[in-house]
Protein chains: 2
Amino acid sequence: MQLGLQTAVADRPSYVAASGAVKLDKHRSVFLAGGEADRFFEVESGAVMVYQLLDDGRRQVVEIVFPGSICGLAKGDEHEFCCETLMPTVLRSHKRTALAQSDVLRTRVVDSLQQQLATLHDHTVSLGRKTAEERICTLILRLQEQAGEDDDVAVALPMSRTEIADYLGLTLETVCRTITQLVRRKVLTPGSTRSEIGIPNIERLRTAACAA
Amino acid sequence: MQLGLQTAVADRPSYVAASGAVKLDKHRSVFLAGGEADRFFEVESGAVMVYQLLDDGRRQVVEIVFPGSICGLAKGDEHEFCCETLMPTVLRSHKRTALAQSDVLRTRVVDSLQQQLATLHDHTVSLGRKTAEERICTLILRLQEQAGEDDDVAVALPMSRTEIADYLGLTLETVCRTITQLVRRKVLTPGSTRSEIGIPNIERLRTAACAA
DNA sequence: CGCCTGTTTGACGACAGTCAAATTAGGTGG
DNA sequence: CCACCTAATTTGACTGTCGTCAAACAGGCG
């Protein structure tokens, strides 16, 4: 199997050290595996992805983190994963030690962790038991909900085909082919841009996503 | 695809409502999807698995919870997943509302959630990017570490082949075949029981698990 | 206008799934 | 203690979904 990392690697870890808000543009590194994990981050706007690279180049995106959630909170003193922005993003950085001191922060973190755990559980079901088609539909559905209830007929895809593939445990070719088939079957409609996709009938999409 | 639930379904949710420790034996339900989620559980000894059933019968085990970790902490007021014991298990049940009240508990929960998130991240990499063989080796390695540092040559598998399959996103046939091949290749050795497996050379196992 | 990167499509192969049968364990009762 | 019975596991033969390799296409930016 020869998968993943079909894109360029992100640049050096942008120095996000100051406490407080930091603005990064698209495709900037937030932290790298092996880096010191003395700080963690709250996403205030935008989105980041957390991923791991296997030594033969396979890449798995394990989480997409949206505003309100956190990333980079490791147990050990080194990050095991890499993290980079998917779009221009504002992060708030906290010292890990702040967790022990601030009740407010801790409460906020518990909420986020619960949320993330639940999302990860769902994603595990996708990866373990869903077909390529079901995974794609599930992701689009989630992005649709994430986008806020704007009765949108179109959803913006904040990620490239390769990133989608690496998140869904597929290849970019399979992602392309599957989207094409879904469009052909009218489950989706082509968006004005390729980073956008239309949802003619959300119920049909839900069915195709195999909501349990 | 026709996967999962090749075992009998667990029995009714055992009534684990009292606050405090509860002892359950093997293959007892802790909670069911759709059940009221006003309580969560700390595993004190034993182990449980958290899983989801898709409507066509596919099953995905999303988490194996060992002592010190928690399960059943949902965001909504209903469980989305099912949970049952893998072996005789002692659980401590807490009201969800207790979280807001007890700092000590909240701290403990943050630790557990962090731990679980990290494990889930690793598992996501397995499901998304690893081959059947790598997944099996990764699991055995994890069970070995979990078992405590007893320089063991043998590891107890607390779960059936079907449960392993449903955790690793494989079929039970693939699990069997893959273990057979690993034994043939001397990466593993047959245990005295089928619920036990030998590790002749842990480094070789690590290599086969594709530690990133 | 043309390159460069990301995306789409095609042809083919392989890993894992499906269906089915054989074998082995574990548990029970004689 | 042994024979039997049932469920779990193992193995086999074959199929299908998705991955691999490769080429064509399209969109964005200088």
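Within every chain, numbering begins at 1; the chains are lettered A, B, ... in the order of the sequence lines, protein sequences first and strands thereafter. Please read all numbers here as calculations on a predicted model, not as lab measurements.
Nearest to the side chain of A:Ser160, among C:dA16, D:dT11, C:dT7, sits C:dT7. Residue B:Arg161 places its side chain closer to D:dT10 than to any other of D:dT10, C:dG26, C:dT8. Closest contact between the side chain of B:Thr171 and the listed nucleotides C:dT7, D:dT9, C:dT18 involves C:dT18. In the set D:dT9, D:dG19, D:dC18, D:dC18 carries the atom at the smallest distance from any side-chain atom of A:Thr131. Of the candidates C:dT18, C:dA16, D:dT9, the closest approach to any side-chain atom of B:Glu173 belongs to C:dT18. Closest approach to the B:Leu172 side chain among D:dT9, D:dG12, C:dT7 is made by D:dT9 (side chain taken as heavy atoms from C-beta onward).
At a cut-off of 3.5 Å, with distance as the only test, no side-chain donor of B:Lys23 or B:Thr89 sits close to an acceptor on the other residue. For the residue pair A:Ser112/A:Gln116, the side-chain donor-acceptor check at 3.5 Å is satisfied. Between the side chains of A:Glu80 and B:His121, no donor-acceptor pair is found at a separation under 3.5 Å. For the residue pair B:Glu63 and B:Tyr167, no side-chain donor N or O sits within less than 3.5 Å of a side-chain acceptor on the partner. No hydrogens or angles considered: a donor-acceptor pair under 3.5 Å links the side chains of A:Gln115 and A:Thr119.
Side chain of B:Thr162 to main chain of B:Leu172: no donor-acceptor pair is present (N/O by atom type, distance under 3.5 Å, no hydrogens or angles).
Atom CD in B:Glu196 sits roughly 15 Å away from atom C1' in C:dA25 (whole-Å rounding). Straight-line distance from the CZ atom of A:Arg129 to the P atom of C:dG17: 7 Å, rounded to whole Å. For the pair A:Ile164 CD1 and D:dG19 P, the computed distance is 14 Å after rounding to whole Å. When the C1' atom of C:dT18 is taken as reference, atom CZ of B:Arg58 falls 14 Å away, rounded to whole Å. At whole-Å resolution of the value, CZ in B:Arg59 and P in C:dG17 are 15 Å apart. At whole-Å resolution of the value, CZ in A:Arg177 and P in D:dT17 are 13 Å apart. Atom NZ of A:Lys130 and atom C1' of D:dC18 are 18 Å apart (whole Å). Rounded to whole Å, atom P of D:dT10 lies 6 Å from atom CD1 of B:Ile179.
Phosphate contact (OP1/OP2 of C:dT9, side-chain N/O of A:Thr180, threshold under 4.0 Å): present.
Residue-to-nucleotide contacts include no donor-acceptor pair under 3.5 Å from the side chain of B:Glu133 to the base of C:dC15. The base of C:dG26 does not come close enough to the side chain of B:Arg194 for any donor and acceptor atom to sit less than 3.5 Å apart.
Figure legend: cation-pi geometry between A:Arg59 and A:Tyr51, with NZ or CZ positioned under 6.0 Å from the six-membered ring centre and within 45° of its axis.
In this structure, B:Thr193 reaches the sugar-phosphate backbone alone: every heavy-atom distance under 4.0 Å involves primed, P, OP1 or OP2 atoms, never a base. Residue B:Thr178 is classed as having no contact, given no heavy-atom separation below 4.0 Å to the nucleic acid.
For the helix from C:dC1-D:dG30 to C:dG30-D:dC1, the angle separating the two terminal helix axes comes to 40°, with each axis derived from five pairs and the value rounded to 10°.
The environment of B:Lys26 atom NZ is sparse: at most 12 non-hydrogen atoms of other residues, nucleotides or ligands sit within 6.0 angstrom.
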